[in-house]
Protein chains: 2
Amino acid sequence: MTESEAGAGGRPTLESVAELAGVSRATASRVVNGGAGVRAALREKVERAVAELGYVPNLAARTLVTRRNRAIAVVIAEPEARFFSDPFFAQHLRGISRELAAADNQMVLLLAEDERDHERIGRYLSGGHVDGVLLFSLHRSDPTPETVHRLGLPFVIGGRPGWPGAESARDLVYVDNDNRGGARLAVQHLRSIGRERIATITGPLDQTSSVDRLDGYRDLLPDGDEDLIAVGDFTADGGIRGMSELLSRRPDLDAVFVASDVMASGAIRVLRAAGRRVPEDVAVVGFDDVESIAAWTEPRLTTIRQEIEEMGRLMTRLLLRRLNDPGASAPSSVIIPTHLVVRESA
Amino acid sequence: MTESEAGAGGRPTLESVAELAGVSRATASRVVNGGAGVRAALREKVERAVAELGYVPNLAARTLVTRRNRAIAVVIAEPEARFFSDPFFAQHLRGISRELAAADNQMVLLLAEDERDHERIGRYLSGGHVDGVLLFSLHRSDPTPETVHRLGLPFVIGGRPGWPGAESARDLVYVDNDNRGGARLAVQHLRSIGRERIATITGPLDQTSSVDRLDGYRDLLPDGDEDLIAVGDFTADGGIRGMSELLSRRPDLDAVFVASDVMASGAIRVLRAAGRRVPEDVAVVGFDDVESIAAWTEPRLTTIRQEIEEMGRLMTRLLLRRLNDPGASAPSSVIIPTHLVVRESA
DNA sequence: TCCCGCCCGGAGAGCGCTCTCAGAAACCGG
DNA sequence: CCGGTTTCTGAGAGCGCTCTCCGGGCGGGA
């Protein structure tokens, strides 16, 4: 019933708007696109016709001639399980969505899990269906940045890219949280409460975020004992293993900076099982400030907060700026400050 | 450098493929679209040309004539904070993405936060840019289902819709977890371990999932005491408030079915603070089986598991089926079974 | 060998829009 | 009141593709 009325073949075209308004298609088009250079009287007539018919421009037709899609792709390489267990994912998308909506652009979400997906995504991006790309969570082997670059598609990366030469590449723009600075904040805090044997559990070291956090730790403990460093993987299990390791290697440790809240929850568990009180015997600082974890460990987790949503927004803004002004040189990358949130664990 | 080669105006068209292969545009098109009715010799020539030029069809042009976008919209009404704090969101999207990728369709993600967003989304959907819609987490006032229906766009809803008359609407298709059955499972389990004064903390009762879970609880406790029911809101704080309430009203309770894991983590905290041992004094069963919570409460949470990703996949499959066969009557809605995961809390 | 039917390939229209180009209308000063 | 500008408007081409015809070629039956 309603289907026959609005669905099917019945969508009004510019042609019909023009006819109803008694003007040419060109004039109607001008009005629809801002109305510059059209006398007020005509403009109004067209606007009335648009309203009356419920006209909505056909994007496909428009794209065909303008070569502008008003859509950007968000590519997420999924193996980073972190994206799915933490609320990172949602927060990023929310930030992106908000910024995109403000500019009346759409978001096409592309999740990659395996080789075939990357191929599919490459094909899709080659199709010219989007005007730009937001890339996340790259691991070394990800072919997407290369593809995107080859296609000449503007893009912005989330997180500092880690492949060789990335830093120095001219038009490479990324947005990252200040992982290194955050780690320093954590260690500094532990020191300020009098801790002296500060250990750390890192993330997987093939991710720049992990490396940067470890570097931050080392910045303040340049001649620290390597025994105080355990390599984790951003999972709770990793936290458990890391903490057990540390405890057996350096039973005298009095603090630990854990590179993610999830791992920290595992670490705290191990500490308690080992009879160490937190924070009295061992102080713990996490990283991420994931609400659903940090606020719910026992004791509540002192951690480093990062502005995930802000990161998404910023990436989007940078990308849109590049789109609107393709001539301009690449904007410089941005590092978003992190800060310490003190709760009970340290 | 590479930009001039592949970017800019240089993308090969069907025309150029046809020319290189020495056939007409029509034949090239036939090959690109499956090659039915083209002799093998010609087909091969075209395929070679496609490969050589790196031809990728221009979707905008294709859409313009076929009226098929090979894209579907995923609309998520965001105020359901649950979608962002729990990993639900990501899991759903993953399921959808997988199924969509298999059918070579794209996902356009639309997040709605306020009135203006709904308007924007309505406009976008009217634009005919997507072939179908996946709707999530509807609250009563959400205008989107109405819009989508008016546009004659095929759609599938995630979660049982709650507005009046929804159930009986002809072409309304939804996919939901068996909330009611899951709740029954929970209560049944509590009974089987000998509990007799079983309370519950519900979700917000304007959501069908909450209502259904409460109904399941009541199914097994038809003449239960209303004092044993506290209304929560799916947040940890809600769990705290609910549990405190229950404890003061019925200090003799020996079990509680909490309608979400997040709330359960709050509830357990309250119980422990009140000196009740879990599960010895009070057994707790949650709902959702959110890994990052259920496996990390102390004690680990016994809960009802739902297959979120499967739900996303199923929704997508149903939608695609409708798209491919618009004539067929609406498929019937699907309820995905939930099951009990026994850990330590009950 | 001829004719009919079938299959394959090509010509061309047209999807809905933008944008250039040129002509019409309005406006100014002289 | 007229010519020269300047401002508006309309005609029409064309974006890249699909799909409907239609004609040509080929095979088989008479």
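Side chains are part of it too, since the values below use all heavy atoms of this structure and drop only hydrogens, waters and symmetry mates. Each chain gets a letter, A, B and so on, in the order its sequence line appears, and its residues count up from 1.
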Over 60° means perpendicular and under 30° means parallel, so tell me whether B/F155 and B/H149 are parallel, tilted or perpendicular.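 Perpendicular.
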Given atom [atom1] of [X] and atom [atom2] of [N], what is their separation to the nearest angstrom?
{"X": "B/E15", "N": "D/dT18", "atom1": "CD", "atom2": "C1'", "value": "13 Å"}
{"X": "A/L14", "N": "D/dA13", "atom1": "CG", "atom2": "C1'", "value": "16 Å"}
{"X": "B/R39", "N": "D/dG27", "atom1": "CZ", "atom2": "C1'", "value": "13 Å"}
{"X": "A/R68", "N": "C/dC17", "atom1": "CZ", "atom2": "C1'", "value": "16 Å"}
{"X": "A/L42", "N": "C/dA25", "atom1": "CG", "atom2": "C1'", "value": "12 Å"}
{"X": "B/N69", "N": "D/dC17", "atom1": "CG", "atom2": "C1'", "value": "14 Å"}
{"X": "B/N58", "N": "D/dG16", "atom1": "CG", "atom2": "C1'", "value": "6 Å"}

Using a cut-off of strictly less than 4.0 Å, decide whether [X] has a side-chain nitrogen or oxygen near OP1 or OP2 of [N].
{"X": "A/S24", "N": "D/dG10", "result": "yes"}
{"X": "B/S29", "N": "D/dT18", "result": "yes"}
{"X": "B/N33", "N": "D/dT18", "result": "yes"}
{"X": "A/R62", "N": "C/dT18", "result": "yes"}
{"X": "A/R67", "N": "D/dG16", "result": "yes"}

Which listed nucleotide ([options]) is nearest to the side chain of [X]?
{"X": "A/R30", "options": "C/dT20, C/dG9, C/dG16", "result": "C/dT20"}
{"X": "A/T27", "options": "D/dT18, D/dG10, D/dC17", "result": "D/dG10"}
{"X": "B/L64", "options": "D/dG16, C/dC19, C/dC17", "result": "D/dG16"}
{"X": "A/A26", "options": "C/dA11, D/dT18, C/dC19", "result": "C/dC19"}

Under 4.0 Å between any heavy atoms, over every strand shown, what does B/V32 touch: base, sugar-phosphate, or nothing? Just pick one. nothing
Would you mind classifying the nucleic acid contact of A/L59 as base, sugar-phosphate or nothing, using non-hydrogen atoms under 4.0 angstrom? nothing
Considering residues, nucleotides and ligands other than B/E19, do more than 12 of their heavy atoms fall under 6.0 Å from its CD? no
Just verifying a value: how many Å separate A/R98 CZ and A/R313 CZ, rounded to the nearest 0.5 Å?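 Between atom CZ of A/R98 and atom CZ of A/R313 there are 6.0 Å.
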Go nucleotide by nucleotide along DNA chain D from the 5' end; which of B/P57 and A/G22 gets its closest nucleotide reached first? A/G22
Any donor-acceptor N/O pair under 3.5 Å between D/dT18 base and B/R25 side chain: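 Yes, a donor-acceptor pair under 3.5 Å.
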salt_bridge(A/E310, A/R317) N-O dist < 4.0 Å: yes
Ion pair B/D131/B/R70, N-O distance below 4.0 Å: no
